[in-house]
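Values below: all heavy atoms of this structure, side chains included; hydrogens, waters and symmetry mates excluded.
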Amino acid sequence: AMALCLKQVFNKDKTFRPRKKFEPGTQRFELYKKAQASLKSGLDLKAVVQLPPGESINDWIAVHVVDFFNRINLIYGTMSEYCTERSCPIMSGGLKYEYRWQDDSKYKKPTKLSAPQYMCMLMDWIEMLINNEDVFPTRIGVPFPKQFQQVCTKILTRLFRVFVHVYIHHFDSIINMGAEAHVNTCYKHFYYFIREFSLIDHRELEPLVRMALAWGG
């Protein structure tokens, strides 16, 4: 099942396309377009992540969580051939950090997984959440659940670990593929967003703290 799951997610012939799209004509689609336009205009990323006047913070967070999921998924998808059971038998960020997987169904206790297994479980878990109308409502007028920001914190914390693993274990591959600028921009955008809204515990950020300091984060 795991091999099949990985094949579906990282099939080279098909760029992995998460099912989640913003419906044209909806408030969130307009917000997404606004966010993308300011990103493309080359504005300072610290300014790009700020909540536009008059917009709902939960809508803004929802748009970014889905967008970051899509983009980080693609980044890992392009790296996946270098991240194998053999090269990465443990989901880690160097010798100091090890990430174990836990969910409410199969893995009730934090469990050691290889990096590819962890990534597969993670992407499936996020996709399930963002396609769940009770968690990420898409219909106008349907309120967000009370625990919405807590769920987003959990999603973003785990997505951050993808950056940790990719930067610490696969940076040479990023450089060889000529993807360094793209990955760095995506990471900066993600980092400024979570800092702006205090969405990740600062202790989780430690593995990449030197990098943030290097560019004045």
Side-chain angles (χ1 to χ4, degrees), residues 1-11 14-23 28-29 31-32 35-36 49 57-80 83 88 91-93 97 99-111 113-138 142 144-167 170 183 186-187 189-191 193-194 197-201 204-205 207-208:
M2 187 58 64
L4 182 67
C5 169
L6 283 172
K7 213 175 205 157
Q8 288 166 341
V9 177
F10 305 129
N11 188 330
K14 296 192 209 74
T15 307
F16 179 51
R17 280 268 176 275
R19 288 192 301 274
K20 189 73 176 174
K21 294 276 185 288
F22 300 104
E23 292 301 315
R28 222 159 297 156
F29 181 71
L31 263 186
Y32 174 68
Q36 290 299 307
V49 297
I57 184 161
N58 281 344
D59 273 316
W60 189 239
I61 289 173
V63 162
H64 282 79
V65 167
V66 173
D67 190 38
F68 287 134
F69 166 64
N70 289 348
R71 291 201 275 152
I72 293 167
N73 216 333
L74 285 176
I75 286 171
Y76 184 71
T78 60
M79 311 293 319
S80 61
C83 184
C88 306
M91 174 57 183
S92 59
Y97 303 95
Y99 301 119
R100 297 184 177 195
W101 180 258
Q102 184 176 18
D103 55 38
D104 297 327
S105 49
K106 194 175 171 187
Y107 297 97
K108 300 262 197 297
K109 291 181 180 156
T111 307
L113 294 179
S114 68
Q117 283 177 311
Y118 185 102
M119 299 295 186
C120 195
M121 300 303 295
L122 174 60
M123 300 310 178
D124 281 357
W125 173 77
I126 298 174
E127 195 172 15
M128 179 192 70
L129 284 172
I130 62 180
N131 284 305
N132 181 342
E133 284 288 327
D134 294 334
V135 184
F136 275 72
T138 54
V142 175
F144 285 90
K146 281 194 180 69
Q147 77 281 18
F148 178 70
Q149 288 192 23
Q150 278 170 281
V151 172
C152 290
T153 284
K154 203 166 182 185
I155 291 173
L156 293 166
T157 298
R158 287 176 168 183
L159 280 174
F160 179 76
R161 294 169 181 177
V162 180
F163 282 120
V164 173
H165 182 75
V166 164
Y167 270 124
H170 302 294
V183 175
C186 186
Y187 175 62
H189 186 200
F190 180 93
Y191 177 82
F193 184 79
I194 56 152
F197 301 104
S198 304
L199 289 166
I200 296 186
D201 187 311
E204 281 280 343
L205 303 174
L208 297 181

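Taking the side-chain contact (heavy atoms from CB on, under 4.5 Å) definition, one finds that Gln102 meets it with Pro110, Arg158, sequence neighbours left out. Taking the side-chain contact (heavy atoms from CB on, under 4.5 Å) definition, one finds that Val135 meets it with Leu129, Asn132, Val151, sequence neighbours left out.
By the 4.5 Å heavy-atom criterion applied to side chains, Ile61 and Phe144 are not counted as neighbours. Glu204 places a side-chain heavy atom less than 4.5 Å from the side chain of Arg161. No side-chain heavy atom of Ile155 sits less than 4.5 Å from a side-chain heavy atom of Phe68. Looking at heavy atoms from C-beta onward, Phe190 lies out of side-chain contact with Cys186 at the 4.5 angstrom threshold. In this structure the side chain of Tyr187 never reaches within 4.5 angstrom of the side chain of Ile75, judged on heavy atoms. Thr111 has its side chain out of reach of Lys106: every pair of non-hydrogen atoms, C-beta onward, lies at least 4.5 Å apart.
Put simply, CD on Gln149 and CG on Leu156 are 10.5 Å apart, with the number rounded to the nearest 0.5 Å. Note that the CZ atom of Phe148 and the CG atom of Asn58 stand 5.5 Å from one another [nearest 0.5 Å]. Expressed to the nearest 0.5 Å, how far CE of Met121 lies from CE of Met91 amounts to 13.0 Å. Between the SG atom of Cys83 and the CE atom of Met119 there is a distance of 5.5 Å, given to the nearest 0.5 Å.
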Test log, rule ring-ring contact (aromatic ring centres under 6.0 Å, His included), inputs Tyr191 and Phe160: CA-CA 9 Å; Tyr191 177 82; Phe160 179 76; 7.8 Å; no
Derivation of the side-chain contact (heavy atoms from CB on, under 4.5 Å) call for Ile126 and Leu159: CA-CA 9 Å; Ile126 298 174; Leu159 280 174; 3.7 Å; yes
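Using cut-offs of 30° and 60° on the angle between ring planes, the pair Tyr118 and Tyr99 is tilted.
The two residues Val166 and Tyr76 come nearest to each other via the heavy atoms CG2-CD1, 4.2 Å. Nearest approach of Pro137 to Val142, heavy atoms of both residues: CB-CG1, 3.5 Å. Closest heavy-atom contact between Leu205 and Ile200: CD2-CG2, 4.1 Å. The two atoms that bring Lys154 and Trp125 nearest to each other are CG-CH2, 3.9 Å, heavy atoms only. Nearest heavy-atom pair across Phe136 and Cys152 is CZ-SG, 4.0 Å. Across all non-hydrogen atoms, the minimal contact from Leu199 to Thr157 is O-OG1, 4.5 Å.
With hydrogens and angles disregarded, a donor-acceptor distance shorter than 3.5 Å links the side chain of His165 to the backbone of Ser92. With hydrogens and angles disregarded, no donor-acceptor distance shorter than 3.5 Å links the side chain of Asp67 to the backbone of Val63. At least one donor-acceptor pair under 3.5 Å links the side chain of Gln117 to the backbone N or O of Ser114.
The side-chain contact (heavy atoms from CB on, under 4.5 Å) test with Asn70 singles out one residue from Val66, Leu74, Asn73, and that residue is Val66.
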